Amino acid sequence: VVRRVGEVAVPVSIELEFSDGATRRHSWDGQDRWTRLSTTGPQRLVRATVDPDRVYLVDVSWINNTRRVTPDPQPPARWSLRLLLWMQSVLAFYGGLA
C-alpha cells in the first residue's frame with residue numbers, strides 16, 4: 001500500500017525491488033489517498049521506493065519514500081555505537097577530573 005501524506009496530488013513512479021535483484025516500476029497518478037500494488041511470481045519483495053529518481057525536489061521528507069519489508073539492522077547498531085562512544089568520552093572526561 002502506497003499512501004499520499006500531503007494534499008498535493010502529482011503523478012509519481014514507484015519502484016519495487018525483489019530478492020533476485022530485479023526491479024519493476026509502476027506509475028501512480030496520486031489522485032487517490034492511497035493505492036495498493038500487488039505482485040505475482042516466485043520472487044520476494046525486498047523494498048518499495050516512491051519517486052526513486054527524486055524528480056520532485058520539493059518533497060518535505062525523503063526519509064519516508066523507501067520502505068523495506070524486513071528492517072535493516074545497521075542503523076540501530078550504528079546509533080548504539082555512537083551512544084556508547086559518547087558515554088565513554090564523558091566518563092573519560094570525568095575520570096580525568098578525579
Side-chain angles (χ1 to χ4, degrees):
V1 174
V2 179
R3 182 172 56 108
R4 177 172 49 90
V5 176
E7 296 300 320
V8 179
V10 293
V12 68
S13 64
I14 302 165
E15 182 178 82
L16 303 176
E17 183 181 331
F18 296 94
S19 58
D20 64 350
T23 59
R24 190 178 313 153
R25 289 209 177 195
H26 295 275
S27 296
W28 179 39
D29 62 1
Q31 296 301 315
D32 297 325
R33 275 293 195 191
W34 60 274
T35 185
R36 182 182 307 269
L37 301 174
S38 60
T39 62
T40 58
Q43 307 95 348
R44 290 184 46 96
L45 182 66
V46 174
R47 172 188 352 221
T49 305
V50 175
D51 190 21
D53 300 324
R54 294 193 176 176
V55 174
Y56 299 107
L57 299 177
V58 295
D59 192 357
V60 174
S61 176
W62 287 343
I63 294 173
N64 63 357
N65 287 1
T66 301
R67 292 293 163 108
R68 296 175 58 94
V69 174
T70 57
D72 187 9
Q74 286 186 343
R78 199 173 321 131
W79 281 104
S80 298
L81 288 175
R82 288 181 185 172
L83 176 65
L84 288 174
L85 177 64
W86 180 80
M87 287 175 47
Q88 181 181 357
S89 299
V90 168
L91 290 173
F93 173 74
Y94 284 118
L97 294 177

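Each residue takes its place number in the sequence, starting with 1. Because the structure is predicted, anything quoted here is derived from the model rather than measured.
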J.: To the nearest 0.5 Å, what is the distance between CZ (Phe18) and CG (Leu45)?
T.: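 Reported to 0.5 Å precision, the distance equals 5.5 Å.
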J.: Does Leu37 have any side-chain contact (heavy atoms from CB on, under 4.5 Å) partners at least two apart in sequence or in another chain, and if so, which?
T.: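 For Leu37, the residues satisfying side-chain contact (heavy atoms from CB on, under 4.5 Å) (neighbours in sequence not counted) are Val2, Ile14, Leu16, His26.
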J.: Considering all heavy atoms of both residues, which atom of Arg4 and which atom of Gly30 are nearest to each other, and what is their separation?
T.: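 Looks like NE-O, 2.9 Å.
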J.: Over all heavy atoms of both residues, which pair between Trp28 and Arg3 is shortest? Give the atoms and the distance, please.
T.: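 Shortest heavy-atom separation between Trp28 and Arg3 comes out as CH2-C, 4.3 Å.
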J.: Could you give all pairs that pass the salt bridge (Lys or Arg N to Asp or Glu O under 4.0 Å) test and reach residues 86-98, with sequence neighbours left out?
T.: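 Every pair satisfying salt bridge (Lys or Arg N to Asp or Glu O under 4.0 Å) with a residue in residues 86-98: there are none.
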J.: According to the side-chain hydrogen bond (donor to acceptor under 3.5 Å, both in side chains) rule, which pairs have a member within residues 74-88, sequence neighbours left out?
T.: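 Residue pairs passing side-chain hydrogen bond (donor to acceptor under 3.5 Å, both in side chains), neighbours aside: none found.
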J.: Identify every side-chain donor-acceptor pair in residues 47-55 under 3.5 Å, counting partners at least two apart or on other chains, and give the distances.
T.:
{"from": "Arg47", "atom 1": "NE", "to": "Glu17", "atom 2": "OE1", "distance (Å)": "3.2"}
{"from": "Thr49", "atom 1": "OG1", "to": "Thr66", "atom 2": "OG1", "distance (Å)": "3.4"}
{"from": "Asp51", "atom 1": "OD1", "to": "Arg54", "atom 2": "N", "distance (Å)": "3.4"}
{"from": "Asp51", "atom 1": "OD1", "to": "Val55", "atom 2": "N", "distance (Å)": "2.9"}
{"from": "Asp51", "atom 1": "OD2", "to": "Val55", "atom 2": "N", "distance (Å)": "3.2"}
{"from": "Asp51", "atom 1": "OD2", "to": "Tyr56", "atom 2": "N", "distance (Å)": "3.2"}
{"from": "Asp53", "atom 1": "OD1", "to": "Arg25", "atom 2": "NH2", "distance (Å)": "3.2"}
{"from": "Asp53", "atom 1": "OD2", "to": "Arg25", "atom 2": "NH1", "distance (Å)": "2.8"}

J.: If you look only at pairs with a residue in residues 26-36, which of them pass as a salt bridge (Lys or Arg N to Asp or Glu O under 4.0 Å), with sequence neighbours excluded?
T.: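 Pairs touching residues 26-36 that pass the test: Glu7-Arg33.
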J.: Who are the side-chain contact (heavy atoms from CB on, under 4.5 Å) partners of Ile63, not counting sequence neighbours?
T.: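 Applying side-chain contact (heavy atoms from CB on, under 4.5 Å) to Ile63 gives Ser61.
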J.: Applying side-chain contact (heavy atoms from CB on, under 4.5 Å), name anything that partners Tyr94, two or more places apart in sequence or on another chain.
T.: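 Tyr94 satisfies side-chain contact (heavy atoms from CB on, under 4.5 Å) with Val90, Leu97 once adjacent residues are dropped.
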J.: Which ILVMFWY residues are connected to Leu91, directly or by a chain of links, through side-chain heavy atoms under 4.5 Å apart?
T.: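 None; Leu91 is a cluster of one.
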J.: Around atom CZ of Arg68, are there more than 12 heavy atoms from other residues, nucleotides or ligands closer than 6.0 Å?
T.: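 Yes, enclosed.
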J.: Starting from Val5, walk the hydrophobic network (Ile, Leu, Val, Met, Phe, Trp, Tyr; side-chain heavy atoms closer than 4.5 Å) and list everyone else you reach, by chain and number.
T.: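 None; Val5 is a cluster of one.
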J.: Of all residues at least two apart in sequence or in a different chain, which pass the side-chain contact (heavy atoms from CB on, under 4.5 Å) check with Ala22?
T.: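 Ala22: side-chain contact (heavy atoms from CB on, under 4.5 Å) contacts with Asp20.
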